[in-house]
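For reference, the structure is listed below as structure tokens.
In the text below, chain A, chain B and the rest are named by the order of the sequence lines, each starting its count at 1.
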Protein chains: 2
Amino acid sequence: MTETLERGQKTTVESSNPACQPGVEVEMLVREMIGCVADKWTMLILEELTEHGTVRFTRLGELVGGISQKMLTKTLRQLESNGLVKRTVYPVVPPRVDYQLTELGLSLSEAFCGVWEWAEKYHGQVSQARRAFQPLAVPSATLDSEETGGSQTY
Amino acid sequence: MTETLERGQKTTVESSNPACQPGVEVEMLVREMIGCVADKWTMLILEELTEHGTVRFTRLGELVGGISQKMLTKTLRQLESNGLVKRTVYPVVPPRVDYQLTELGLSLSEAFCGVWEWAEKYHGQVSQARRAFQPLAVPSATLDSEETGGSQTY
DNA sequence: CAGCATCCTTTTTGATACTG
DNA sequence: CAGTATCAAAAAGGATGCTG
């Protein structure tokens, strides 16, 4: 694998550099970022911030739904440290902290838009595929791993 | 948990659906899918399959890099159960199993394309933001910048 | 209200060892 | 080669108590 990542089809090819191959280094960085960003809560928070603009801590938790303060804080810190979210603290008596996307965060949110649209468009097909999927019935007593995703529909 | 989610207000295919109340149900399904798909290994595997088309098990593991057989198997099973990946077993002596994206999987891969492009385009800014982010806990003696005097909870 | 610290439970992941 | 099974380590996540 000499030619590293040619990422699908570069629609907007701004730097097709045949001679120089920043591939490997960029690849690492990109993967690291994917690892940080390809997270359930991250996507949901990003989404809510996109929809509501500036939101307070607790409110954000409510919007996301089902997230603990711990995870909310953690994910927000990560987003903040990556420059995707801006945190504003108001020195008022009942503490008030607003969160909003930065330009960078907004751009990521837009990038994720395609995934959301995909999910909205194809969730039916996925659900259908899940029901049609028969996890190869094997020997006796194979009940340890439910690695077939969340085989909740069973 | 609350279902007070009113997120779906963008490109909705729901709006053209008279006999169905979109929002809540779709929201749940979409979130569930995001939860299944917004995963590090999932994205990477999807990527490699997009790049290389049909790939064998071990080869795929090499391409992804840094993934254990366990996770590779698990993630592939999940992808398969969701109808995103097609698994082909050849009854030959040295077992051969090919993996390739389905139409659905390809569509998801394309949806993720935006995220990859984003990562390629902005990883520099993210790296920069990370270095500039100095919250409270200082790991080691880096540069001793001035006391920001902000709300330091130490 | 925001959020950190702590304890504890659940999940995830990695590292073998073992089959067909 | 392509897994499965199992154990141990690690991380994620939840609940609670405590600050300013």
Give me, pair by pair, the N or O atoms of the protein and of nucleotides 14-18 of chain D that are less than 3.5 Å apart, along with how far apart they are.
| from | atom 1 | to | atom 2 | distance (Å) |
| --- | --- | --- | --- | --- |
| D:dG14 | OP2 | A:Ser68 | OG | 3.2 |
| D:dG14 | O6 | A:Lys70 | NZ | 2.3 |

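Comparing atom distances between the B:Arg56 side chain and each of C:dG3, D:dA2, D:dG3 picks out D:dA2 as nearest. Residue B:Thr73 has its side chain nearest to D:dG3 when only C:dT13, D:dG3, D:dC1 are considered. Closest to the side chain of A:Val97, from the set D:dC1, C:dA2, D:dA2, is C:dA2. Residue B:Thr58 has its side chain nearest to D:dC1 when only C:dG3, D:dC1, D:dT4 are considered.
Put simply, CG on B:Leu72 is 17 Å from P on C:dT12, counting in whole angstrom units. Between B:Lys40 atom NZ and C:dT12 atom C1' the separation is 12 Å, expressed in whole Å. Look at OH on B:Tyr90: it is 17 Å from C1' on D:dG3, rounded to the nearest Å. Between the NZ atom of B:Lys74 and the P atom of D:dA5 there is a distance of 15 Å, rounded to whole Å. We find that CG of B:Leu60 is positioned 14 Å from P of D:dC1, with the value rounded to whole Å. Across the protein-nucleic acid pair, B:Phe57 atom CZ and D:dC1 atom P stand 11 Å apart, rounded to whole Å.
One finds a side-chain N or O of B:Arg77 lying less than 4.0 angstrom from the OP1 or OP2 phosphate oxygen of D:dT4. Between B:Arg87 and D:dG3 there is a side-chain polar atom (N or O) within less than 4.0 angstrom of OP1 or OP2. Taking only side-chain nitrogens and oxygens, A:Arg59 never comes nearer than 4.0 Å to OP1 or OP2 of C:dA2.
Every side chain to side chain contact (heavy atoms under 4.5 Å, CB included) that B:Thr58 has, sequence neighbours left out, goes to B:Glu62. Applying the side chain to side chain contact (heavy atoms under 4.5 Å, CB included) rule to B:Lys40 yields the partners B:Leu44; only residues at least two apart in sequence or on another chain are considered. Every ring-ring contact (aromatic ring centres under 6.0 Å, His included) that A:Tyr122 has, sequence neighbours left out, goes to A:Trp118.
If B:Pro95 and A:Tyr99 are placed on DNA chain C by their nearest nucleotide, the residue sitting closer to the 5' end is A:Tyr99. When each of B:Val89 and A:Asp39 is assigned the nucleotide of DNA chain D bearing its nearest heavy atom, the one mapping closer to the 5' terminus is B:Val89.
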Residues 28-37 of chain A side chain polar contacts: donor-acceptor under 3.5 Å, at least two apart:
| from | atom 1 | to | atom 2 | distance (Å) |
| --- | --- | --- | --- | --- |
| A:Arg31 | NE | A:Glu27 | OE2 | 2.5 |
| A:Arg31 | NH1 | B:Val64 | O | 2.3 |
| A:Arg31 | NH2 | A:Glu27 | OE2 | 3.0 |
| A:Arg31 | NH2 | B:Glu48 | OE2 | 2.8 |
| A:Glu32 | OE2 | B:Arg130 | NH1 | 3.1 |

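Residue A:Arg131 holds its CZ atom at 5.5 Å from OG of A:Ser127, rounded to the nearest 0.5 Å. One distance of note links NZ of A:Lys74 with CD1 of A:Ile67; it measures 10.5 Å at 0.5 Å rounding.
Side chain of A:Thr102 to backbone of A:Lys86: no donor-acceptor contact under 3.5 angstrom is found. Checked by atom type and distance alone, the side chain of B:Thr73 pairs as donor or acceptor with a backbone atom of B:Gln69 at under 3.5 Å.
Fit an axis to the five pairs at each end of the helix from C:dC1-D:dG20 to C:dG20-D:dC1 and the two axes sit 40° apart, to the nearest 10 degrees.
Residues A:Leu49 and A:Gln100 fail the side-chain proximity criterion, which asks for heavy atoms closer than 4.5 Å. The shortest side-chain heavy-atom distance between A:His52 and A:Leu63 falls under the 4.5 Å cut-off.
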